[in-house]
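Working notes, beginning with the structure itself.
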Amino acid sequence: MPSARSERSLLFLVAAVQFVNLLDFMMVMPLGPDFAVALGISMSDIGLIGGSYTAAAALSGVACASFLDRFDRRSALLVALLGLVAGTAAGGLATGLSSLVAARVLAGAFGGPATAIAFSIVADATPPERRGRAMGVVMGAYSLAAVLGVPVGLELARRGGFQVPFFAVAALGLLVAGLARLLLPPMRGHLAGARAAGSALRELRALVTRPLVSLAYAATAAVTMAAFLIIPNISAYAQQNLGYPRERLGLLYLAGGALSFVVMRVAGAVIDRIGAFRTSAAGAALLVAVLYAGFHSYVPGLPVLVVFVGFMTGSTIRNIAQSTLVSRVPRPAERARFGAMQSALDHLASALAAFLSARMLRELPDRRLDGMEGVAALAIAFTLASLPLLLWIERRVAVSPAAGAGPARALRGEGA
């Protein structure tokens, strides 16, 4: 176990890895209209670019689940991070839809495992009594990427072209990789307890076929599908359909990210007080209202900022409630396997939603997106369909010995 000082250094280094990884993923979708114009890509095909990353991350996550634990954590992290850097830089060199999709596939193939390795390092290096706070530090990279990284990336693209953010993130990734090589010690303690491949596969199969686990995965997929039908297209929709100016796009992400950070902490307290399902139902009510009034049947005069922030707030509440609830499904000894498969499923659902929205939308001659009404209706349907699944899970885990204590406190960094 590292000293307190080296533990803090390790956590901030892992958080830096997550920041690069998340920024690479999060900046691409708001940049969609920029590279669509520069590369002659249809606005309706932007979802294919976001979906290609998540599909690759899902497939590589499943493929790597059986052998990642057989390597030194530091070496595995460096390989994943350098692969992510290569894929990100390749995005800046893209010349059309095919080359950009190929670059995003490469980035996703390494970005997915990088997340799993990062959280494994945190679990290996911190004792249980401090692990909640440690996870809170690393998860803070999401808010930082949304509040700081995306607006800066949008501004760099506005001033220098869509290629500049790709190269900037790749350069930052190289810097973080160098620091990881210098500051991270070899991490091989987990190798002594590595299981045989056949045993690991049998345990994984037994886990995913358990009815309550299958139900949790179905709820995860429904919540993710509802969000990612909209997310890849929200930047193009705001600019082309609602007339929001490109030079102020960064303000949307700054406001939405800042509010999401506050909501993330408040929602954890609410979940502890009234339960995950009721909190999720409140988030679903807000999300359905925003999807209907902002995307399905746009209410004239409704500010774009209200639509954008309302969508991000509703989605954030739903994601935290769903993640908190399903974290109580696995037994302590199987949480890593459960989490790995959940992450892969989450990426797969994101990819399917992005690909589906791309098929449902088409670009009009004036570059507006046609078909958003149908996409929003489908997102509403997935939002409503997830509610009975979450209610069923909450009732089952309330009487299950596998139920864990304090998941919402862990989200706020207040528990182990």
Side-chain angles (χ1 to χ4, degrees), residues 6 8-31 34-35 49-50 52-54 56-57 60-61 64 68 71-95 99-122 125 137-187 347:
S6 61
R8 286 194 297 270
S9 299
L10 181 146
L11 290 177
F12 282 110
L13 185 58
V14 172
V17 172
Q18 278 296 91
F19 176 76
V20 172
N21 196 359
L22 288 165
L23 184 55
D24 168 83
F25 171 66
M26 294 174 66
M27 74 174 183
V28 170
M29 288 173 284
L31 284 174
D34 289 24
F35 55 66
I49 298 162
S52 61
Y53 177 99
T54 52
S60 67
C64 294
L68 270 182
F71 298 96
D72 174 11
R73 302 279 196 220
R74 182 179 70 172
S75 300
L77 183 66
L78 287 173
V79 170
L81 192 53
L82 291 174
L84 176 64
V85 165
T88 304
L93 300 173
T95 58
S99 56
L100 187 54
V101 166
R104 299 313 297 156
V105 166
L106 178 62
F110 288 95
T115 298
I117 298 165
F119 281 103
S120 297
I121 290 174
V122 175
V137 171
V138 176
M139 290 174 67
Y142 175 87
S143 296
L144 187 61
V147 173
L148 178 62
V150 173
V152 170
L154 286 167
E155 185 61 21
L156 289 175
R158 190 175 73 87
R159 293 175 179 271
F162 82 92
Q163 299 91 342
V164 177
F166 283 99
F167 295 142
V169 173
L172 181 60
L174 278 178
L175 175 62
V176 172
L179 291 174
R181 178 67 181 83
L182 290 173
L183 302 178
L184 271 183
M187 304 186 73
H347 280 113

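Residues take their numbers from the sequence shown, with the count starting at 1.
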Can you check whether L82 reaches F110 side chain to side chain, under 4.5 Å on heavy atoms?
no

Steps toward side-chain contact (heavy atoms from CB on, under 4.5 Å) verdict (R104, D24):
CA-CA 10 Å; R104 299 313 297 156; D24 168 83; 3.0 Å; yes

Main-chain N/O of A109 paired with S60 side-chain donor or acceptor, under 3.5 Å:
yes

Heavy atoms, side chains only, cut-off 4.5 Å: are Y53 and V28 in contact?
no

Where do L100 and I49 come nearest, in terms of heavy atoms and distance?
CD2-CD1, 3.7 Å

Heavy atoms only: give me the nearest R181-L78 pair and the separation to one decimal.
CD-CD1, 3.5 Å

For the residue pair A107 and T88, what are the closest heavy atoms and their distance?
CB-N, 4.3 Å

Testing the basics here: between V17 and V176, what is the closest heavy-atom pair and its distance to 0.1 Å?
CG2-CG1, 3.7 Å

Quiz: residues 149-158 side-chain donor-acceptor pairs under 3.5 angstrom, not counting sequence neighbours:
unit_1 : atom_1 : unit_2 : atom_2 : d
E155   : OE1    : R158   : NE     : 3.3
E155   : OE2    : R158   : NH2    : 2.8
E155   : OE2    : R159   : NE     : 2.7
E155   : OE2    : R159   : NH2    : 3.3

Should L93 and F166 count as side-chain neighbours, where that means a heavy-atom distance under 4.5 Å?
no

List the atom of A86, the atom of L106, and the distance in Å for their closest heavy-atom pair.
C-CD2, 4.1 Å

